[in-house]
Amino acid sequence: MTVRVRFAPSPTGYLHIGSARTALFNYLYARSVGGKFLLRIEDTDQKRSTDESLSSILDGLDWLGFAPDEEIVFQSKNIEIHRAAALRLLAEGKAYRDFTPKEEPGDQNVKQAIVDRARRQGGDKNLRDNPYRELSTEESDARAAAGEPFAIRLKVPENGQTIFEDAVYGHNERAYSETEDLVLLRSDGSPLYNLAVVCDDIEMGITDVIRGQDHINNTHKQILIYEALGEKVPNFAHLPLILAPGGKKLSKRLHGEIVSMTTYRDAGFLAAAFRNFLALLGWSPKSEQEIMTMDELVAAFSLDGIHRNPAIFNFDANNPKRWTDDKAIWMNAEYVRTMPLGELLPHVKTELKAAKLWRDEYEDEDREWYEKTVDLIRERFFTLRDFSSQGRAYFSEDYDFDPAAVNKNLKKFPDLEQWLPELADRLETLADFSEQPIHDLVAAMAEEKGTKLGVLMNGARTALTGVAVGPSMLAVFETVGRERSVMRLKSKVVWNL
RNA sequence: GGCGCAUUCGUCUAACGGUUAGGACGCAAGAUUCUCAAUCUUGUAACACGGGUUCGAUUCCCGUAUGCGCUACCA
């Protein structure tokens, strides 16, 4: 039987980093066993679901490159199927009508109220003590016919246990007595999550459910529904959670945009790099290779390489240099610097276009220069953003000067205000404007002025590129070109800042 | 409160009874005399604790501690 997995986000927020990893693992698993990767949008919570969130999630998945193999399923379209399933279980006596009036939510935080109630009840609560559980069919039908509102609950058997073998967490079993008679259908007739998931997974022919560890509890409930429905239970694999530094839960409220996938796209990350980073969070290929292409990830992927303990997504909100996980930043830099130039170019083009630095000549008569330049400057870059910020001076006359660089390389040597224009004059008449002759010329001038080569080189660096770091200055001169180099060395702008 | 899960360098992780406990990120030092957040080299740092089992435990068992998850007519 072909493996069919699904990623099932609910459109109530952006694509969370943990969800992205769940999608990745589902995708890798499907690819590694020749199965299908499907996408289902769990949009049954009409109050919280938004189109904005849906498109944000779709954008994120698209960016990461996880295209579903079949059409997207919207859970809200299957409500009639869910309802029919609940009614069928009711007719078969596997579920019952609960006429208990719906409890109105208090002003307290819902989550807190649930915990408090659970604490009060302790472990003594008998989950089968619902007065309507054993109501006769006649009376139940009569009250329903009279218009009395009711929810439909699953009639969980008194004795027995739900058992499943989790591909990650291993053997799992739970006595029925630990599971409540869960509500399948609300009193307004709408289905609840667990029912909807089971029905949809059956409908979609899902063979393997790979999802967050926070669903282990639901798995027991869902198995009960599968069994009541007389359907085959799929395989399960639960994934450890991704936590914030300090072991706390990673949340939007506490950690903001750092948990959103779009943040990384917008910060100039390469999807391939981020995917690679995500794959290593909670999973190990058991080899020492860390930089892996999608094909390599697929080839190495297996469910038993996944851990049971949560991974911490490390970052320091107070340190701009470490705004997100160090390793993610490093990995992105690694990709920017070492991936085949041909694969990087389209991304650089997008970046330059967004910064209004793109010129069509870069793909035409200036193509050679452009590719050489990108290849030269990417050596020290971390993200695609760097091409339009640190690398701006290569593509435009309108670039900024980093104050620290100006102080360190220019203001500290006031003589440079005269020397740099003089250097420009000499460069203007240099017969062969290439690395060796330029080096000889600058070295001779340094000697003549009684200064170090570095003073002239780094002064020129900041005048030409606005920053203090970059490739070898000889390469920079060549790349920026004689005309622009001369102009920038003569410019007084930087001295008047 | 109950049920469940986890615990190897600061972080991501390797190890499936016998290793100087390995790798990566970070950090530190040195090198590179035109810079550096690049590159190269070196270094730094971990088996939560207490009992067992065993000739021998990071590895198996039990307990403690800590952390996390779940606990809804949310998804």
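Computed from heavy atoms alone, side chains included, the values below leave out hydrogens, waters and symmetry copies. Order of the sequence lines fixes the chain letters, A, B, ..., with proteins taken first and strands second; residue numbering starts at 1 for each chain.
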Quiz item: Do A/Lys327 and B/rA24 share a donor-acceptor pair, side chain to base, under 3.5 Å?
Solution: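 Answer is yes: a donor-acceptor pair is held.
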Quiz item: Looking at B/rA75, does its base get a donor-acceptor pair with the side chain of A/Asn194 below 3.5 Å?
Solution: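 For A/Asn194, whose side chain was compared with the base of B/rA75, there is no donor-acceptor pair (under 3.5 Å).
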If you only use heavy atoms from C-beta on, which nucleotide in [options] is closest to the side chain of [X]?
X	options	value
A/Ser10	B/rC25, B/rA75, B/rG2	B/rA75
A/Ala118	B/rG26, B/rG1, B/rA14	B/rG1
A/His307	B/rU39, B/rU13, B/rU11	B/rU13
A/Asn314	B/rG26, B/rU11, B/rG69	B/rU11
A/Tyr193	B/rC25, B/rG1, B/rA75	B/rA75
A/Asp214	B/rG69, B/rC12, B/rA75	B/rG69
A/Arg117	B/rC12, B/rG26, B/rA72	B/rA72

Mind calculating the distance between [atom1] ([X]) and [atom2] ([N]) to the nearest angstrom?
X	N	atom1	atom2	value
A/Lys248	B/rU66	NZ	P	12 Å
A/Lys286	B/rC16	NZ	P	10 Å
A/Leu243	B/rU66	CG	P	17 Å
A/Leu281	B/rC25	CG	C1'	12 Å
A/Lys249	B/rG69	NZ	C1'	8 Å

Quiz item: Is A/Glu52 atom CD crowded by more than 12 heavy atoms from other residues, nucleotides or ligands, each under 6.0 Å away?
Solution: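 Open: at most 12 neighbouring heavy atoms sit under 6.0 Å from CD of A/Glu52.
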Find every protein N or O atom lying less than 3.5 Å from an N or O atom of nucleotides 20-22 of chain B, and list the pairs.
| unit_1 | atom_1 | unit_2 | atom_2 | d |
| --- | --- | --- | --- | --- |
| B/rG22 | O2' | A/Glu288 | OE2 | 3.4 |

Practice problem: Between B/rG69 and B/rA28, how far apart are the P atoms? Round to whole Å, please. | Solution: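 Comparing P positions in B/rA28 and B/rG69 gives a spacing of 33 Å.
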Quiz item: Quantified in whole Å, what is the P atom distance between nucleotide B/rU58 and nucleotide B/rU19?
Solution: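 It comes out at 9 Å once rounded to the nearest Å.
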Under the side chain to side chain contact (heavy atoms under 4.5 Å, CB included) rule, collect the residues that match up with [X], sequence neighbours excluded.
X	value
A/Ala311	A/Leu281
A/Glu296	A/Gln289, A/Met292, A/Thr293
A/Leu39	A/Phe7, A/Pro9, A/Ile41, A/Leu58, A/Leu61, A/Pro68, A/Ile72

Quiz item: Regarding A/Arg378 and the six-membered ring of A/Phe387, is the cationic atom NZ or CZ under 6.0 Å from the ring centre and inside 45° of its axis?
Solution: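 Cation-pi check for A/Arg378 and A/Phe387: fails.
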Quiz item: Does NZ or CZ of A/Arg97 fall inside the cone over A/Phe150's six-membered ring, less than 6.0 Å from its centre and within 45° of the axis?
Solution: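 Here A/Arg97 passes the 6.0 Å and 45° test against A/Phe150.
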Exercise. Quick one: list whatever passes salt bridge (Lys or Arg N to Asp or Glu O under 4.0 Å) with A/Asp326, sequence neighbours left out.
Key: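 A/Arg322.
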G-U wobble or Watson-Crick pairing nucleotide for [N] (cut-off 3.5 Å, both distances):
N	value
B/rA57	none
B/rC47	none
B/rA21	none

Quiz item: Salt bridge between A/Asp375 and A/Lys372, side-chain N to carboxylate O under 4.0 Å?
Solution: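 A salt bridge is absent here (no side-chain N lies under 4.0 Å from a carboxylate O).
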Quiz prompt | Lys/Arg-Asp/Glu bridge criterion (N-O < 4.0 Å) met for A/Asp201, A/Arg40 | solution =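 Between A/Arg40 and A/Asp201 there is a salt bridge, with a charged N closer than 4.0 Å to a carboxylate O.
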Answer yes or no: does a side-chain N or O of [X] lie under 4.0 Å from OP1 or OP2 of [N]?
X	N	value
A/His220	B/rG69	no
A/Arg174	B/rC3	no
A/Lys111	B/rU71	yes

Quiz item: Where do A/Thr383 and A/Asn332 land on the side-chain hydrogen bond (donor to acceptor under 3.5 Å, both in side chains) test, with the steps shown first?
Solution: CA-CA 7 Å; A/Thr383 70; A/Asn332 197 59; 5.4 Å; no
Practice problem: Please work out if A/Glu290 contacts a base, only the sugar-phosphate, or nothing of the nucleic acid, heavy-atom cut-off 4.0 Å. | Solution: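 It contacts base atoms.
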Quiz prompt | Minimum heavy-atom distance A/Arg275-A/Leu64, with the two atoms named | solution =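 Heavy atoms only, the tightest pair is NE-O, 2.8 Å.
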Exercise. Sugar-phosphate means primed atoms, P, OP1 and OP2; the rest is base. With that split, encode nucleotides 33-38 of chain B 5' to 3' as B, S or - using protein heavy atoms under 4.0 Å.
Key: -BBBBS
